[in-house]
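As structure tokens, the structure follows; a few thoughts come after it.
To find a chain, count down the sequence lines: A is the first, B the second, and so on, and within it residues start at 1.
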2 protein chains.
Amino acid sequence: MKYGHFDDNRREYVITNPRTPWPWINYLGNEDFFSLVSNTGGGYSFYKDAKFRRITRYRYNNVPMDSGGKYFYINDGESVWSPGWKPCKTELDSYECRHGMNYTTIKGVKNGVEAEALYFVPLKTWAEVQKLTLRNTTNEVKTLKIFSFVEWCLWNAATDMENFQRNFSTGEVEIEDSVIYHKTEYKERRDHFAYYSVNEPMQGFDTDRETFFGLYNGFDEPQTVLEGAPRNSEAHGWSPIASHYVEVVLQPGESKELVYVLGYVENAQDEKWESKNVINKTKAKATIARFDTAAKVDAALAELNAYWDNLLNVFTIKTGEEKLDRMVNIWNQYQCMITFCFSRSASFFESGIGRGMGFRDSNQDLVGFVHQIPERARERIIDIASTQFPDGGCYHQYQPLTKKGNNEIGQGFNDDPMWLILGTTAYIKESGDFTILDEPVPFDNEVGSEVSLFHHLTVSFNHVVNNLGPHGLPLSGRADWNDCLNLNCFSNDPNESFQTTENKSEGSQAQSLMIAGLFVVYGRDYVELCKVIGKTEEAARAQQHIDAMVAAIKLNGWDGDWFIRAYDYFGNKIGSNENEEGKIFIESNGWCTMAGIGLEEGMVAKALDSVKERLDCEHGIVLNNPAYTKYYIEYGEISSYPPGYKENAGIFCHNNPWIIIGETVQGRGDRAWEYFRKICPSYTEEISDLHKVEPYVYAQMIAGKDAFKPGEAKNSWLTGTAAWNYYAITQYILGIQPTYNGLRIEPCIAPEWKGFTVTRKFRGATYLIEVKNPNGSMKGVASLTVDGKAIEGNTIPLMPVGGTYKVEVVMN
Amino acid sequence: MKYGHFDDNRREYVITNPRTPWPWINYLGNEDFFSLVSNTGGGYSFYKDAKFRRITRYRYNNVPMDSGGKYFYINDGESVWSPGWKPCKTELDSYECRHGMNYTTIKGVKNGVEAEALYFVPLKTWAEVQKLTLRNTTNEVKTLKIFSFVEWCLWNAATDMENFQRNFSTGEVEIEDSVIYHKTEYKERRDHFAYYSVNEPMQGFDTDRETFFGLYNGFDEPQTVLEGAPRNSEAHGWSPIASHYVEVVLQPGESKELVYVLGYVENAQDEKWESKNVINKTKAKATIARFDTAAKVDAALAELNAYWDNLLNVFTIKTGEEKLDRMVNIWNQYQCMITFCFSRSASFFESGIGRGMGFRDSNQDLVGFVHQIPERARERIIDIASTQFPDGGCYHQYQPLTKKGNNEIGQGFNDDPMWLILGTTAYIKESGDFTILDEPVPFDNEVGSEVSLFHHLTVSFNHVVNNLGPHGLPLSGRADWNDCLNLNCFSNDPNESFQTTENKSEGSQAQSLMIAGLFVVYGRDYVELCKVIGKTEEAARAQQHIDAMVAAIKLNGWDGDWFIRAYDYFGNKIGSNENEEGKIFIESNGWCTMAGIGLEEGMVAKALDSVKERLDCEHGIVLNNPAYTKYYIEYGEISSYPPGYKENAGIFCHNNPWIIIGETVQGRGDRAWEYFRKICPSYTEEISDLHKVEPYVYAQMIAGKDAFKPGEAKNSWLTGTAAWNYYAITQYILGIQPTYNGLRIEPCIAPEWKGFTVTRKFRGATYLIEVKNPNGSMKGVASLTVDGKAIEGNTIPLMPVGGTYKVEVVMN
């Protein structure tokens, strides 16, 4: 069953039934001010950091789900309703939510009145702008009582839901003109406040939650709205909110637009006050003035749309597969941009208080957006590398507000360093900007410790070399990519986090074949980079280590039919036919086949066939098989999950692309394409009832074949899945690969494909690429011409900046 | 306006209007298993520790407030309703909630059906027992569809509301007979599970929350209940719940009782399983069997009532003041017992995840319950002292589950050590058990570090002596009793906790007159104890330090009309007429007058008159005046609160008794009595609308005269207020004081009192005390007889155990 449809022309997903199987959300903002908004208007806003600067309050996992947001209540004399159906849940005559590129519109129609709420964060603006358009489609005069609603969060989202002893006494607001200012703690250490305005004289307001709702009323029935009269409450402690009351009289056919601005301001210490206890509102008023008419709002939205035109026209495809095109051209790129902004911090599954920006995550996410905004990718790489330690080790996460390493999680995830090589080389290949390698970058953000970024790559590479185990394979440390395979943890205490409890690395034999394959893949990238910049000795040194690793993998990492996953603390195999459960894992087979290890000897094909046989199912490739049915203290969190969920044999969408890419290494385009479609959201739209989460973005996990409910997805939006699938489809299936000296074209497609076209902007030039597949081939380029001129090999050389070039590629 | 009334005979508060101005709650359990229950059935349960072993889920600060609990839904074919009005909010024909001593009944009547839910935790039982009694008062047959409901918490209440990425995949249940078992994470490290049973064959059930409610329905409208049909859902991940479905057919006049048991079980590692993945239910079944009939439940409740008879008959009064008698005989003692069990961890204001057991708090709470359960007081004292450091410093809090010091809060609150002297001497005076002083007690729970408890008292005393500032007054450290007067903190960062951020004690002149007075009061207790046990040299040594402190207070602590509050980091006065704001504080004037410092010179009377003039108001004595109107970085959190709230000039009920006791030192019984009544809940019952919280227990804070809404109370239940008011009324106003060698009688009463009687069990004997005040005196005992025999002085000597003795006291 579907709950809406794609509107590709407008780059929107259109939801026509508000009762989606889970709140289907969108993200507003892409710089400093962010909002999450669901299809019924639920969600919240924050400035930069969802933990430390939460602007509006949100309650996760509530009953009913998705309670609280930016709501408009309409009392039209007959009914009390909301354009998004929720929170009132009054049945609407029609409903439509359109999630677009960083904006959302929600339209409801009731009793002949149309109400459409537009939500977006304009570019370079620390505010969410809302335009509420009201239309009277009847022949009668309509008097509408409009109540807006947001609930302020007391800034720190964690203590906001813990420390009521304090919180219930601190809340403070100011009300001036039609603006409600939230200034809790501004009197003391904070240099920031928030505000909510409307561009009409308000005829009333409320700022005290209990007064607005009544103590016993839910979001669906605020007593002031039911009564049709605000109470002009001034909040002192308890829970401050902001609700404007505006009465709108509409003649038959008339319409009216109201503009609301929900903003955030920071003032310098000596500019905090206008007068004693009266906050300095200059900046707030300036922002409000920028959006005080509907025309200004429309112009700002047009600007935002133009911004997205620019981002999305760097890479567009036409394949004849509508579902594929909309993902690659719109939604997959959009999701990559969102994961760039948020890492894993704030979604409807990530509470915004648990996690900062991941070292590993951010580097991987980079391959999904580096072509759109290389300059921000550059900044991100420097930020990430600055949290590294001199030995190449890394903080696993850092906090976006401070950009400092997060001590609570700490370090010791031994795959982390290698990802910096991926992020950096991907950036240079896209941009050609080698100067980043000379950028001075500190260790652990310590001033004075700066070395070149290239040096960071060297210590990253060396961190693996310097941490090998008895089988010549990389020690896994706290965990490798699979945060839940905790081989040095041995946790007995349920109050411990598997990720932060003791790391008994001393004397441990825990080694990871996933890191081994990763090392070979990005080690080769490192060697290539060294060669390109003329560091041939370093290239040779590195190559020796890679060769040794390949040999160690073949010797100690091959189980006969697939690559084993790891050695545990005691030196026992994991992911081997010897094991009773967890005989085979996806990660090591992904990375070792991506690295082409044993390609000639048939190991790649054999490993991939084993994956197909044992891990693949209707909804994708599961992580391991058989699932663990009991707790293995020596394996850690992975065995804590019920079978079929999460890391214990769930379909972890993030790593399905590794197998996809592995299949392209083997040249099996049919298999790669089959796997890609299985987890691609637009291809699963029809089973939204089962799949549950948004059909326009990837989820982290789909319940695997061992689960109670296979196919049910969880944790949508913030997942490396987005970048990896984009990377797999664009660079390995469609095969458009940026290199240091040109665009390599190396498709690996399903044999039934007759070809496809790609428009690719690269290093200032535009390439109109047509790939033809006259012989039903899966891989291999027979010829390549640029503007009709034949080129040797399959790499388009760098063409003069500013030009547009026609490229024709014919497959074998 | 009142929302109910006291029923003193049944020791109950009876709520007759469910729409109380705030949820009015009660506590169930007094050993290991605890529940909070509101007057509409809201609340939650936990085992020992509200953070680490939360059994059922609760959402604080929700909309509507108090959503979630132990609910019964009744679908009678006509209506869907609940006995507690909430969650359904269907209007009832009648409603009544009775909060008693560790039990609560909630009765609703609708359409001729009476439904009464009894909730309690039987003694020595790890379970809450619920008895639902249904009566058909009509002449027709009634068919009732009964749905029970609890929502499981995934054990750790903190991560339960943060880590949805994990939590939504881990939930697991088992369903067998009429029992729903919650076993999330039991498979891995947990050795515990929970269960919910009913003593009838159930005709259906639900264990998946979304299935039970529907994704968009609130607690008020579960879809299964509305439809009158359970769906027999089995939870796998998401949010497991437990709901039994039982159909009850009642003939005219017939009634039926259903018993539900919500329990917790721990199994040894090798007894966890019955068979693979099937939990060992032996213990659960045994507990269920203990309560499988209504008669067994009634017997258990009778046992609980008898237990409370015993606790409450140690000390009873009859004064002619009904409101006073019910507080002293019932509610104040009850609240003391609750604070003993919970310290400051779990109420409707304390979220159960923020704080452990306080060192200072627990010692003070002890004076409120030591006469009831001296053996548990003894255990608590040892537990507390075990977290102390060798230099006398203390962890400010410890976690009840582990009994270990809480590293997150740490140490450095320099009043902490002295409270151990109060706790210990109060225990010995009550029990006569000097052996506790020889008990070996470790430092920081380190095995092998044990010294005698007496040695702990010595290092406590010395900790003050060894930490004196330039004025000869005690250095305050991180804070003294006022956790919000942070004189060494200088915090600029709003994400810092004032209590845990840097403590710049090095070179600080921050000294506390509150600790100074405290040191004199309990230092004298230490000296007295030393003398009693024959340590005369130590007594003399200690006395010298006390004398020096008294001198230092007179020299550097007197401001002319009152005692100053402190010196700040730089040596500037706080709480002096020199200050622009915060000229006078309650704490130092409380402690220095309690210590009688300068009594002869008139300093005590003058200080107390200044308190009356500047701090007293209609609702009690505020903490400081004038309130701070801006942030003083050198004062810390106190100045972060809006004026009139919390530590910034709120009425902090905890310290009002210090002034009360100070007034009794001065002999002004009228003032003491006036102050006592102002904040005494039973005396404020009539203004429940303003006061907001329960009229049967004290709140931590009442908004002061500078507040927006003076008289509004917050943070009821868990506050040292309970013990201090009990201590003040019983030992200083009524003047019944346990001493090492007898009961001292030293009343200080209002002159209009003609006398009062007290029944006091003490050291195994029972004293029937009658105090007569023929001359309208306020203080001073003229004569004292025991069984008619005159006694010199005003101390009843220890009489033979087992006897009952008549004591007559005549005041001057």
Contact winner vs chain A - [options], heavy-atom pairs under 4.5 Å:
options: B:R57, B:E234, B:E712; result: B:E712
options: B:T170, B:N156, B:N495; result: B:N495
options: B:Y645, B:Y60, B:W22; result: B:W22
options: B:L215, B:N648, B:D493; result: B:L215
options: B:T40, B:I633, B:N62; result: B:N62

So which residue, [options], ends up with the most heavy-atom pairs under 4.5 Å with chain B?
options: A:E496, A:K51, A:E151, A:E162; value: A:E162
options: A:R190, A:E185, A:R344, A:E221; value: A:R190
options: A:D66, A:L401, A:N715; value: A:N715
options: A:E637, A:K86, A:K630; value: A:E637
options: A:G68, A:S640, A:S351; value: A:S640

Could you tell me which portion of [X] (side chain, backbone, both or neither) has an atom closer than 4.5 angstrom to a non-hydrogen atom of chain A?
X: B:Q269; value: neither
X: B:T629; value: both
X: B:W273; value: neither
X: B:S491; value: both
X: B:S239; value: side chain
X: B:T20; value: both
X: B:F213; value: side chain
X: B:E647; value: neither
X: B:Y628; value: backbone
X: B:K276; value: side chain
X: B:W155; value: neither
X: B:E350; value: side chain

Looking only at non-hydrogen atoms, find the nearest pair between [X] and [Y] and report the distance.
X: A:P64; Y: B:G218; value: CD-CA, 3.5 Å
X: B:E210; Y: A:P21; value: OE2-O, 4.2 Å
X: B:V63; Y: A:N217; value: CG1-O, 3.6 Å
X: A:S169; Y: B:M701; value: OG-CE, 3.5 Å

[atom1] of [X] to [atom2] of [Y]: how many Å apart, nearest 0.5 Å?
X: A:I353; Y: B:M161; atom1: CD1; atom2: CE; result: 6.5 Å
X: A:F708; Y: B:D208; atom1: CZ; atom2: CG; result: 8.5 Å
X: B:M65; Y: A:R209; atom1: CE; atom2: CZ; result: 5.0 Å

Check your understanding: In terms of heavy-atom proximity below 4.5 Å to chain B, should A:R19 be classed as side chain, backbone, both, or neither?
Key ->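 Both parts, backbone and side chain.
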Review point. Using non-hydrogen atoms only, which part of A:E172 is less than 4.5 Å away from chain B: side chain, backbone, both, or neither?
Key: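 The side chain, not the backbone.
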Is a side-chain N or O of [X] found less than 3.5 angstrom from the main chain of [Y], in a donor-acceptor match?
X: B:K89; Y: A:Y216; value: yes
X: A:R189; Y: B:N492; value: no
X: B:K187; Y: A:Y641; value: yes
X: B:K714; Y: A:R166; value: no

Review point. So do the side chains of B:F168 and A:N61 get within less than 4.5 Å of each other, counting heavy atoms only?
Key: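 Answer yes - side chains close enough.
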Check your understanding: Can you find a heavy atom in the side chain of B:Q700 that is under 4.5 Å from one in the side chain of A:Q165?
Key ->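 Heavy-atom side-chain distance check passes, below 4.5 Å.
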Exercise for review: Please say whether the positively charged group of B:K709, taken as NZ for Lys or CZ for Arg, lies over the ring of A:W238, i.e. under 6.0 angstrom from the six-membered ring centre and within 45 degrees of the axis.
Suggested key: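 Not satisfied by the 6.0 Å and 45° rule.
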